[in-house]
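In what follows, a structure is listed as C-alpha cells, so that the remarks can point back to it.
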Amino acid sequence: MRGKSWNRIVVDARACTENYRFLQSLAGSVPVLAMVKADAYGHGMVYTARAFAEGGCRHFGVAELSEGVALRASGVAGQIIVSIGFAAEEASLFFDYALTPVICTPVHAAALEREAAKRDTTIDVHLKINTGMGRLGLLPEEVKDFAEAVEQYPHLRIAGAMSHFPEADTPGAASTLAALDRFQPLRQWLRQRYNAVCHIANSAALFNHPEAYCDMVRAGIALYGYHPAGEAGREMSGFADRLVPAMRFSSRILQVKEYPQGTTISYGCTFVTPKKMKIAVIPVGYEDGLDRLRSNGGVVLVGGKRVPICGRICMNMSMLDVSELSAVAVGDEVVLLGRQQDEMISADEIAAETGTISYEVLCRFGHMNNHFSE
Ligand SMILES: *Cc1c(COP(=O)(O)O)cnc(C)c1O
C-alpha cells in the first residue's frame, strides 16, 4: 500500500481465540456468545469473529442490523443476534442474512410476521426484557402478554429471551440479585412454553455470578482481554494473566530535537522546557483517539521506557519528553497501548487517567484508526 500511516492498530487473533476458550471453560456447558458490536469494541468485527469461531464460538451478538448484515456477508457461520431495534421496512434483511432479531415492540413483531408470511417461512425471535437496566425492553409484567401476542403470529417463533445487568461488575450488587429474581420466573415460563434460550449474563456476571449463566452467556470486554471492573477487578479475579489484551497501538517518531531551557511546546504554550530538553514528535493526535485530556499527563512507551507527553495533544501530532533516553531516533517505535519490551500500557491505565472505562478507550483507538494490521 502506498502512503501508509505510521499509526497501526494490531489485534492479536490468537489472544482473542484463547480468551474465548478461557471464558468458555468458565461457563462450562453453557455456550458463550461473543459480543462483537461496535466493530468488536474497536478490534475489527469480522477479524475477531473469525478468531472466536476458531475457538469454537457459534453465537455472535451485534447491536445494529447493519452490523449483522456485514458480519453474515463476511461468511461467518452460526447464530447472529441483533440486539437493538431496526426500521420496520428493513425487516427483510433478517431473512436475507439469516439474522436473529431481538424484539420488544408490536411494530417489530408485525413487520417480521409480514415478511415471513410473504416468504412462506418462519423466523426465530428473542424477546428483550428490562429487569433493571432501564433501557430497551419489556417490563417483566408485560412479557407474558407480549409473548402471547407474538404467539398469534403463525410465522414467528419465540426462540429466546434476553435481559442485561446494570451493575454486575460490583459483586453481589442488589440490582443484580433483583434482576435475577425478575428474570428467573420468566425464564421458567418461557422455557416451558417455548423452550426459549434465556440469557442475561455479561462478562462481569460470567466472573461474579455463575447463578446467572442461564442458557447462554454474552461476553464482550473479557474477550478482548480486559476485566469489566478494570485493573482492580483483574487482580482480584485470580486469573489476571488468563485475559490477554488483544489490541496494540503503535506509531513512530517523526522528529527528535534538543531545545534550550524556556522553549514553549505546542498550542497554548502550556509546557515550557524547564531545562535543556530532548523532545520527540509523533504523528498521533486526538483524531487518532489519543484523548486531549492526556495533554501534559499521559505517557507512552519508547525503547521500553515510559515517557511523558508534554504540551497539548494536537489533532495529528503530539510531543514527548525523551530527554532521559540516550539513543532515540527518527523512525523509532512508540507504543500508545500495549506492550513494549518489559513495559505495558493498558486500556485500564488510560481509562483511569481520563475518568472513563477500558471499553471507551478501545473503541476510540479502534474506530479512529483504520490502519489495522493482523
Ligand atoms: C455489550 C453488551 C454485552 C457485553 O458486555 P461486556 O461487559 O462487554 O461483557 C452483553 N449484553 C449486551 C446486551 C450488551 O449490549
Side-chain angles (χ1 to χ4, degrees), residues 23 27 30-38 40-41 59-65 67-68 80-86 100-109 125-147 150 158-191 196-224 226-230 233 351 356-360 362-363:
L23 299 185
V30 178
V32 174
L33 171 148
M35 288 303 298
V36 293
K37 65 185 182 214
Y41 298 33
H59 304 271
F60 301 90
V62 295
E64 298 212 60
L65 179 53
E67 298 175 310
I80 300 176
I81 295 183
V82 177
S83 69
I84 69 176
F86 54 94
T100 304
V102 177
I103 61 170
C104 53
T105 66
V107 172
H108 285 144
V125 301
H126 285 218
L127 308 183
K128 183 118 171 183
I129 307 170
N130 168 22
T131 56
M133 181 68 185
R135 201 165 65 177
L136 285 178
L138 300 156
L139 289 168
E141 59 270 26
E142 295 171 334
V143 171
K144 289 181 187 172
D145 283 351
F146 185 74
V150 171
I158 296 176
M162 66 179 283
S163 191
H164 193 44
F165 291 124
E167 229 185 344
D169 50 336
T170 304
S175 69
T176 307
L177 308 181
L180 259 186
D181 278 351
R182 294 179 187 122
F183 194 62
Q184 289 291 18
L186 292 170
R187 176 186 172 219
Q188 230 167 23
W189 185 81
L190 290 159
R191 280 184 68 79
V197 170
C198 299
H199 41 112
I200 186 168
N202 52 6
S203 298
L206 177 57
F207 298 143
N208 299 330
H209 293 280
E211 74 280 15
Y213 291 178
C214 297
D215 311 313
M216 187 156 71
V217 168
R218 303 185 308 268
I221 194 72
L223 291 171
Y224 308 103
Y226 285 91
H227 194 284
T356 184
I357 51 177
S358 61
Y359 298 65
E360 187 185 3
L362 297 168
C363 284

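Please read these numbers as outputs of a predicted model, since none were measured by experiment.
Asn208 contributes atom CG, which lies 8.5 Å from atom OG1 of Thr170 (distance to the nearest 0.5 angstrom). To the nearest 0.5 angstrom, Leu33 atom CG is 9.0 Å from Leu223 atom CG. Rounding to the nearest 0.5 Å places NZ of Lys37 at 8.5 Å from SG of Cys363. A distance of 9.0 Å separates CE of Met133 from CG of Asn130, quoted to the nearest 0.5 Å. Taken to the nearest 0.5 Å, the CZ atom of Arg187 stands 11.0 Å off from the NE2 atom of His199. Note: Leu136 CG to Ile129 CD1 = 13.0 Å, rounded to the nearest 0.5 Å.
Within a 6.0 Å radius of CD in Gln188, other residues, nucleotides and ligands contribute 12 heavy atoms or fewer.
In this structure, the side chains of Pro140 and Phe183 stay at 4.5 Å or more apart for every pair of heavy atoms. In this structure, the side chains of Thr100 and His126 come closer than 4.5 Å at one or more pairs of heavy atoms. Residues Asp169 and Ile357 are not in side-chain contact: their nearest non-hydrogen atoms beyond the backbone lie 4.5 Å or more apart.
Distance alone, capped at 3.5 Å, is enough to place a donor-acceptor pair between the Glu67 side chain and the Ala38 backbone. With hydrogens and angles disregarded, a donor-acceptor distance shorter than 3.5 Å links the side chain of Asp215 to the backbone of Cys198. Panel note: side chain His209, backbone Glu211; no donor-acceptor pair is recorded below 3.5 Å. Distance alone, capped at 3.5 Å, places no donor-acceptor pair between the Ser163 side chain and the Ile200 backbone.
Here Tyr224 pairs with Tyr41, His43, Phe52 under the ring-ring contact (aromatic ring centres under 6.0 Å, His included) rule; sequence neighbours left out. With sequence neighbours excluded, the residues forming a side chain to side chain contact (heavy atoms under 4.5 Å, CB included) with Ala222 are Leu23, Ser203, Phe207, Leu243, listed by chain and number.
Smallest separation of non-hydrogen atoms from Met35 and Gly220: CB-CA, 4.0 Å. For the residue pair Phe165 and Ala201, the shortest heavy atom distance occurs at CE1-CA, 4.1 Å. Considering all non-hydrogen atoms of both residues, Leu206 and Ala27 come closest at CD1-CB, 4.0 Å. The minimum heavy-atom distance linking Tyr359 with Pro228 is given by the pair OH-CB, 3.5 Å. Nearest heavy-atom pair across Gly85 and His108 is CA-CE1, 3.9 Å. For the residue pair Asn202 and Ala168, the shortest heavy atom distance occurs at OD1-CB, 3.7 Å.
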### Query
Taking it one step at a time, do His59 and Ile81 satisfy side chain to side chain contact (heavy atoms under 4.5 Å, CB included)?
CA-CA 8 Å; His59 304 271; Ile81 295 183; 5.9 Å; no
### Task
I would like to know whether Arg218 and His164 meet side chain to side chain contact (heavy atoms under 4.5 Å, CB included); could you show each step before the answer?
CA-CA 9 Å; Arg218 303 185 308 268; His164 193 44; 3.4 Å; yes
### Query
Yes or no on side chain to side chain contact (heavy atoms under 4.5 Å, CB included) for Leu127 and Ile103, after CA distance, side-chain angles and deciding distance?
CA-CA 5 Å; Leu127 308 183; Ile103 61 170; 4.2 Å; yes
### Message
Please evaluate residues Val36 and Val62 with respect to the criterion side chain to side chain contact (heavy atoms under 4.5 Å, CB included), reporting the C-alpha separation (whole Å), side-chain torsions for both, the decisive distance (0.1 Å), and the verdict.
### Response
CA-CA 6 Å; Val36 293; Val62 295; 3.9 Å; yes
